[in-house]
S.K.: 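First the structure, which I've put down as structure tokens, then a few questions once you've had a look.
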Amino acid sequence: MKYGGSCSQKITNAVLSPETLEKTERHPCYSFGAHHKYSRMHLPVAPRCNISCNYCNRKFDCVNESRPGVTSEILTPESAMNKFDRVKEKINHLSVVGIAGPGDALANWESTGESIKLIRQVDPNVVFCLSTNGLMLPDFAPEIVELGVNHVTVTLNSLDPEIGAKIYRSVNYRGRKYQGSEGARILLENQLKGIEYLTQHGVAVKINIVMIKNINDLHIPVIVKKVKEMGVFITNIMPLIPAPGSAFENYPQTSMKDLNALRDICELDLQQMRHCKQCRADAIGLLNEDRSQEFTTDRGKVEETIAHQSSDAGRYRLAVASKHGVMIDQHFGYASEFTIYEGNGMDFELVERRQVEKYCLGVEECDTEETWRDKIVEALQDCDAVVSMRIGYHAGKRLAGSGIESLETCDTVENGLVQAVNILNGKNKEIA
Ligand code: CLF
Ligand code: SF4
């Protein structure tokens with residue numbers, strides 16, 4: 001059907017119920033006509049992310065920055081509900097409650113789902129909106145539909161895993177980290193499955209696409225045609241804003257001229273959003289009048305919560321072979337335990353001591369115990385790097401094959417961690 005709403009070209013195959021259409025009319029992102037009248041509020045209840053996009057560096061508390069993934073605080077579902085109450089009292093026409101990070105809404109499903117349930121109890125008319133990278137959509141789409149969430153945004157930057165490999169540094173899926181086209185393929189398959197489920201169940205799906213010159217720009221019209229066929233409501237082609245500290249920090253920002261030319265082409269197929277403000281993850285108010293600073297509650301909390309994230313751009317998980325936690329004094333092959341740290345080069349947190357089978361079983365078994373070795377690599381699969389005093393050539397190669405960097409050093413644990421982060425940061429810039 002052709003939707004007769006208020007977006008630019010009004011071309012879409014989306015089939016929406018009268019109830020969803022009514023909600024869409026009060027959604028400032030989905031309906032151009034609503035964006036001067038209706039406000040939205042983002043709940044920053046989702047700190048973790050399960051993929052690493054090369055354009056992302058989730059810094060926080062920078063009030064001058066205005067882009068997705070930036071927030072001044074992290075909320076629990078209960079504090080989110082309290083904040084909703086306060087905001088609702090002060091802001092007229094608050095129609096939409098969205099969850100858009102600062103990580104991924106579905107990588108934090110417990111908090112996301114709980115927040116929706118709590119707010120639904122106090123305000124059954126509010127329009128809920130989620131924004132996700134789509135990796136976990138096949139798992140959670142049925143619950144999203146059951147919870148009555150009628151608006152979901154999925155960021156889909158490519159239909160080709162080879163192009164995706166240039167955009168995504170890694171994809172953490174079911175306890176394993178995937179890189180290159182393998183990771184991009186898993187992400188893509190899940191995105192398409194999830195989008196299909198949502199559109200078939202009457203959800204108004206918006207697709208965000210980050211336009212990156214010489215990487216996916218020429219491919220974007222193909223994405224738009226495909227998602228149109230799938231019943232997507234609208235696409236929002238966004239400019240790449242090179243975030244400092246991200247792998248794409250030295251990439252040129254997409255020009256408005258190029259962006260609008262591409263939107264003009266894509267608008268022949270599907271209606272285009274042209275009024276996106278690339279909001280903060282805690283944005284509140286009209287799209288062009290952010291009032292989030294008026295309502296910030298617990299500014300310190302974001303640091304505490306972000307310290308517990310596992311897969312964040314610029315933040316790494318590192319496995320260290322050390323007998324007493326002071327010096328790096330163990331050979332990788334002889335370590336039965338690794339100390340797992342998380343950090344960004346400045347602060348590190350010890351998160352776990354992990355027992356593993358010893359990698360090296362002696363000369364006789366050396367080339368025969370393939371499964372045994374795989375088990376060790378598997379045990380460290382969620383880590384970005386291993387830091388040890390020495391590591392054998394084959395062990396290092398095996399780790400590298402799983403996307404895990406290895407560093408040899410006899411320094412203190414503290415210095416070893418910093419060295420490892422420097423290597424990882426250097427690598428990520430190379431990828432870009
Ligand atoms: Fe938020 Fe996104 Fe929902 Fe809107 S934002 S989760 S759809 S309520 Fe809107 Fe902000 Fe652009 Fe997003 S202007 S970044 S498109
Ligand atoms: Fe969003 Fe995660 Fe990608 Fe950052 S890494 S842009 S939080 S999906």
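Any value given below was found using the heavy atoms of this structure, including those in side chains, with hydrogens, waters and symmetry copies removed.
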S.K.: Do Asp123 and Lys88 meet the salt-bridge criterion of a basic N to acidic O distance under 4.0 Å?
M.R.: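 So Lys88 pairs with Asp123 through a salt bridge.
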S.K.: Parallel, tilted or perpendicular for Trp109 and Phe140, by the 30°/60° rule?
M.R.: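 Correct class here is parallel.
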S.K.: Check Pro221 against Asp217 and note the closest heavy-atom contact, atom names and distance.
M.R.: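 Closest approach of Pro221 to Asp217: CD-O, 3.8 Å.
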S.K.: On the 0 to 90° scale, with breaks at 30° and 60°, tag the Phe332-Phe338 ring pair as parallel, tilted or perpendicular.
M.R.: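 Because their plane-to-plane angle lies in the 30° to 60° range, the rings of Phe332 and Phe338 count as tilted.
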S.K.: So do Asn288 and Lys277 actually touch side chain to side chain, heavy atoms under 4.5 Å?
M.R.: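 When only atoms from C-beta onward are counted, Asn288 and Lys277 do touch, with a gap below 4.5 Å.
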S.K.: Within this structure, what is the CD1-CG distance for the pair Ile223 and Leu270, rounded to the nearest 0.5 Å?
M.R.: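 Rounded to the nearest 0.5 Å, the CD1-CG separation comes to 12.0 Å.
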S.K.: Return yes if some donor-acceptor pair links the side-chain N/O of Asn157 with the main-chain N/O of Val210 below 3.5 Å, else return no.
M.R.: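 Yes.
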S.K.: Provide the closest heavy-atom pair for Ala184 versus Ala165 in the form atom of the first, atom of the second, distance.
M.R.: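 Closest approach of Ala184 to Ala165: CB-N, 3.7 Å.
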S.K.: When you measure from the side chain of Asn108 to the backbone N and O of Ala105, does any donor-acceptor pair fall under 3.5 Å?
M.R.: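 No, the answer is negative, given that no donor and acceptor are paired below the 3.5 Å cut-off.
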S.K.: Got a salt bridge between Arg291 and Glu294, using NZ or NE/NH1/NH2 to carboxylate O under 4.0 Å?
M.R.: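 Here Arg291 pairs with Glu294 in a salt bridge, since their nearest N and O are under 4.0 Å apart.
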S.K.: Do any N or O atoms from the side chain of Asn54 and from the backbone of Lys166 form a donor-acceptor pair under 3.5 angstrom?
M.R.: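 Yes, because the side chain of Asn54 sits within donor-acceptor range (under 3.5 Å) of the backbone of Lys166.
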S.K.: If you define the side chain from C-beta out and look only at heavy atoms, does anything of Val45 sit under 4.5 Å from Thr76?
M.R.: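 The answer is no, as the side chains (C-beta and beyond) never meet within the 4.5 Å cut-off.
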S.K.: Evaluate the side-chain proximity of Tyr38 to Val127: yes if any heavy-atom separation is below 4.5 Å, no if none is.
M.R.: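 No, their side chains stay 4.5 Å or more apart.
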S.K.: Do the side chain of Ser31 and the main chain of Thr24 share a donor and acceptor less than 3.5 angstrom apart?
M.R.: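 Yes: the side chain of Ser31 pairs with the backbone of Thr24.
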S.K.: Step by step, would you call Ile209 with Val224 a side-chain contact (heavy atoms from CB on, under 4.5 Å)?
M.R.: CA-CA 9 Å; Ile209 309 168; Val224 174; 4.0 Å; yes
S.K.: How about Glu352: does its CD atom have over 12 heavy atoms from other parts shown lying under 6.0 Å from it?
M.R.: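 Yes.
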S.K.: Rounded to the nearest 0.5 Å, what's the gap from CD on Gln272 to CG on Leu268? Could you check?
M.R.: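 With rounding to 0.5 Å, CD (Gln272) is 9.5 Å from CG (Leu268).
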S.K.: Is there a donor in the side chain of Glu337 and an acceptor in the side chain of Gln355, or the other way round, less than 3.5 Å apart?
M.R.: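 Side-chain D/A pair, Glu337 to Gln355: present.
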S.K.: Specify the closest pair of heavy atoms between Val126 and Ser95, including all atoms of both residues, with the distance to one decimal.
M.R.: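 Answer, listing the atom of Val126 first, then Ser95: CG2-O, 3.6 Å.
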S.K.: If you round to the nearest 0.5 Å, how far is CG of Leu259 from CG of Asp264?
M.R.: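 One gets 9.5 Å once the value is rounded to the nearest 0.5 Å.
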S.K.: Any side-chain heavy-atom pair from Pro242 and Pro252 closer than 4.5 angstrom?
M.R.: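 No, side chains not in contact.
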S.K.: Rounded to the nearest 0.5 Å, what separation is found between the OG atom of Ser115 and the CZ atom of Phe84?
M.R.: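 Going from the OG atom of Ser115 to the CZ atom of Phe84 covers 12.0 Å.
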S.K.: Would you check if the side chain of Lys228 reaches a backbone N or O of Asp269 as a donor-acceptor pair within less than 3.5 Å?
M.R.: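 Answer holds: yes.
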S.K.: Do Gln278 and Ile241 pass the side-chain contact (heavy atoms from CB on, under 4.5 Å) test, and can you show the C-alpha distance, the side-chain angles, and the key distance before you say yes or no?
M.R.: CA-CA 10 Å; Gln278 298 205 267; Ile241 299 178; 2.9 Å; yes
S.K.: Leu424 versus Leu318: any side-chain heavy-atom pair under 4.5 Å?
M.R.: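 In short, these two side chains touch, coming nearer than 4.5 Å.
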S.K.: Please answer whether the main-chain N or O of Phe233 pairs with a side-chain N or O of Gln271 as donor and acceptor at a distance below 3.5 Å.
M.R.: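 Checking the backbone N and O of Phe233 against the side chain of Gln271, a donor-acceptor pair under 3.5 Å is found.
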S.K.: So Arg274 and Arg263, side-chain contact (heavy atoms from CB on, under 4.5 Å) or not? Walk me through it.
M.R.: CA-CA 8 Å; Arg274 290 175 184 258; Arg263 285 169 173 168; 3.7 Å; yes
S.K.: Which distance, rounded to the nearest 0.5 Å, do you find between the CG of Leu287 and the NE2 of His275?
M.R.: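 Nearest 0.5 Å value for the CG-NE2 distance: 5.5 Å.
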S.K.: Hey, are the side chains of Ile99 and Cys129 touching, using non-hydrogen atoms and a 4.5 Å cut-off?
M.R.: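 Answer no - side chains too far apart.
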S.K.: If you measure from the Lys or Arg side-chain nitrogens to the Asp or Glu carboxylate oxygens, is any gap between Glu189 and Lys193 under 4.0 Å?
M.R.: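 The answer is no: the pair does not qualify as a salt bridge.
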S.K.: Is there side-chain contact between Met211 and Ile220, with heavy atoms separated by less than 4.5 Å?
M.R.: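 Result yes, sub-4.5 Å side-chain heavy-atom pair found.
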S.K.: Exactly one of Val205, Val203, Val145, Leu192 should register a side chain to side chain contact (heavy atoms under 4.5 Å, CB included) with Tyr197. Which one does?
M.R.: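 So, applying the side chain to side chain contact (heavy atoms under 4.5 Å, CB included) to Tyr197 and each of Val205, Val203, Val145, Leu192, only Val145 qualifies.
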S.K.: So Arg280 and Asp290, do their side chains get closer than 4.5 Å, heavy atoms only?
M.R.: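 Yes - at least one pair of side-chain heavy atoms lies under 4.5 Å apart.
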S.K.: Less than 4.0 Å between a side-chain N and a carboxylate O, is that true for Asp382 and Lys177?
M.R.: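 Answer for the salt bridge query: no.
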S.K.: Under a plain distance cut-off of 3.5 Å, with no hydrogens placed, do Ser158 and Asn216 share a side-chain donor-acceptor pair?
M.R.: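 Short answer, no.
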S.K.: Check for a donor-acceptor pair, side chain of His219 on one end and backbone N or O of Leu159 on the other, with a separation under 3.5 Å.
M.R.: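 Side chain of His219 to backbone of Leu159, a donor-acceptor pair under 3.5 Å: yes, one is there.
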S.K.: Kindly give the heavy-atom pair with the smallest separation between Asp282 and Ser292, and that separation in Å.
M.R.: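 Here Asp282 and Ser292 meet closest at O-CB, 3.1 Å.
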S.K.: What closest approach, in Å, do Leu380 and Ala319 show between heavy atoms, and which atom pair accounts for it?
M.R.: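 In this case the closest contact between Leu380 and Ala319 is CD2-CB, 4.0 Å.
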S.K.: Could you tell me whether Asp139 and Arg174 have a side-chain N and a carboxylate O separated by less than 4.0 Å?
M.R.: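 Here Asp139 pairs with Arg174 in a salt bridge, since their nearest N and O are under 4.0 Å apart.
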S.K.: Donor-acceptor check, side chain of Gln191 to backbone of Asn133, threshold 3.5 angstrom: yes or no?
M.R.: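 Yes: the side chain of Gln191 pairs with the backbone of Asn133.
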S.K.: Indicate whether any N or O donor in one side chain lies under 3.5 Å from an N or O acceptor in the other, for Asn50 and Asn172.
M.R.: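 Side-chain D/A pair, Asn50 to Asn172: absent.
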S.K.: Measure up the His35 and Phe32 rings against each other and bin them: parallel (under 30°), tilted (30 to 60°), perpendicular (over 60°).
M.R.: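 Aromatic pair His35/Phe32 classed tilted.
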S.K.: With a 3.5 Å distance limit and no angle check, can you tell me whether Asp258 reaches the backbone of Thr254 through a side-chain donor-acceptor pair?
M.R.: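 Between the backbone of Thr254 and the side chain of Asp258 there is no qualifying donor-acceptor contact (under 3.5 Å).
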S.K.: Indicate yes or no for a side-chain donor-acceptor contact from Tyr30 to the backbone of Ala204 under 3.5 Å, with no hydrogens or angles considered.
M.R.: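 At least one qualifying donor-acceptor pair exists.
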S.K.: Atom CG in Leu187, atom CE in Met136: separation rounded to 0.5 Å?
M.R.: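 Here the interatomic distance stands at 11.5 Å.
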S.K.: Which heavy atom in Gly403 sits nearest to a heavy atom in Gln179, and how many Å separate them?
M.R.: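 In this case the closest contact between Gly403 and Gln179 is CA-OE1, 2.7 Å.
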S.K.: Just do the side-chain contact (heavy atoms from CB on, under 4.5 Å) check on Cys383 and Ile340 with the steps written out, would you?
M.R.: CA-CA 8 Å; Cys383 296; Ile340 311 293; 4.0 Å; yes
